[in-house]
Amino acid sequence: MKRKKILITGGAGFLGSHLCKRCLCAGHEVICLDDLSTGSTDFIKDMLSEERFTFLNQDISLPFDQDLDFDEIYNLACPASPKFYQKDPIKTIKTSVMGAFSVCELAKKTGAKVFQASTSEVYGDPKEHPQKESYFGNVNFFGRRSCYDEGKRIAETIFYEYQNIHGVEVNIARIFNTYGPNMHPSDGRVITNLIVQALKSEPLTIYGDGSQTRSFCFVTDLLDAAVSLMEHENFKGPVNLGNPSEITVLDLAEKIKSLTNTSSTITCLKLPEDDPKIRRPDIALAKEHLNFTPKVDLDEGLSKTISYLEKHLQKEL
Ligand code: NAD
Ligand code: UDP
């Protein structure tokens, strides 16, 4: 096997830290670029002493001016949780847009293949269900979620044009809600919020009446598919990656209550603006080209995430 030199932007975040580990374990050289805005060196600390691992504390929205060559670039840098991406929406836009230009220029210069972490948010509050890659989406471009949704949409366009005009090899994955260990315990996403609340015996916060749906994919399944996409010779996407098993937020809360055996009650809060009502990926394309079938069901994935968050909370005490 050829040892590859792999740049992972956002490598100190949830998905990025697992991907760094996976690429390192596969024998490659990994350069993790991250500005630590939502990630943490805690997630990569066991890799920092490895000779094949380098950490660059850098903002991807600024031009990358180091003279380094790469075989592959995974572009994951961007806050993914609504709480974090809405904190500094202008920075979120710059990260997606200027970050896409930085990565494209780097790929153009070095000949590296690119994986772009796009999102189910490109479909917005969908009117087609489940969502296929051919769906153009129903996105509000003038609201609280727009900095993320539109940033990711224009990023796809930037990669599309660099592929057409400059021959950059681009692989685009539209990632649906993914969860697991190394999620930031206070990132505000539904799975971390509900588990942390359950473990602290606090009320579980449901936004709206909890009838909205999501489809949750465990991190190892998602990364199996992401690496297959990067390594595929002919298929480049855009492709939906996620687990099509759909659940309402209220049923998710009940499941977490039972798995944690908590005495917590459920409390309903205001539904945020433009919160998508339904979401489920159609993964036929990923099945056909990447032989992708998620293996970890929600009970197993949640149990692993609960153990991780339990340990994290114990450290805090
Ligand atoms: P995360 O917030 O845990 O990780 C993002 C990482 O990017 C963090 O380490 C953060 O510090 C870093 N970062 C942010 N802005 C940066 C910048 N300007 N320069 C350098 N680094 C920067 O989120 P995640 O869940 O690991 O998501 C990773 C990628 O996958 C994101 O691009 C996200 O949009 C995409 N995605 C994730 C999900 C999901 O459910 N986890 C769903 C769809 C898409
Ligand atoms: N949500 C909730 N309680 C929480 C956090 C989120 O009910 O404490 C809801 C949120 O309104 C959304 C769903 O759970 O309908 C998923 O939210 P998350 O922020 O995890 O991801 P996204 O909305 O980006 O899919």
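Not measured: the values here are computed from a predicted model. Atoms within each ligand, like the ligands themselves, are counted from 1 in listed order.
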Polar contact flag for [X] and ligand 1 (N/O pairs, less than 3.5 Å):
X	result
F14	yes
G39	yes
S40	no
N177	no
S61	no
D59	yes
S120	no
L15	yes
G13	yes
D34	yes

Could you list which atoms of ligand 2 come closer than 4.0 Å to a heavy atom of [X]?
X	result
G188	5 (C)
I206	7 (O)
V249	7 (O), 13 (C), 14 (O)
N193	4 (C), 5 (C), 8 (O)

(request) Specify side chain, backbone, both or neither for T205, according to which of its non-hydrogen atoms lie closer than 4.0 Å to ligand 2. (result) both

(request) Return each pair, listed once, that meets ring-ring contact (aromatic ring centres under 6.0 Å, His included) where at least one residue sits in residues 255-287; pairs must be two or more places apart or across chains. (result)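 Listed once each, the pairs would be none.
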
(message) Check whether H232 reaches the backbone of N234 with its side chain - one donor and one acceptor, N or O, closer than 3.5 Å.
(response) yes

(message) Treating T178 as the side-chain partner and F218 as the backbone partner, does any N or O pair qualify as donor plus acceptor under 3.5 Å?
(response)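 Checked: no pair found.
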
So which of [options] gets nearest to [atom], if we judge by its closest heavy atom?
atom	options	answer
atom 24 (O) of ligand 2	R145, M183, K277, R214	R145
atom 25 (O) of ligand 2	R279, Q197, K270, Q212	R279
atom 21 (O) of ligand 2	N177, V190, I266	N177

(message) Using a strict threshold of under 4.0 Å (side-chain N to carboxylate O), is an ion pair present between E156 and K152?
(response) no

(message) In this structure, does ligand 2 have an atom that sits under 4.0 Å from one of the heavy atoms of S81?
(response)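 No; S81 lies far enough from ligand 2 that no heavy-atom distance drops under 4.0 Å.
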
(request) Kindly write out the residues that satisfy ring-ring contact (aromatic ring centres under 6.0 Å, His included) with H184, not counting sequence neighbours, or none if the list is empty. (result) F84

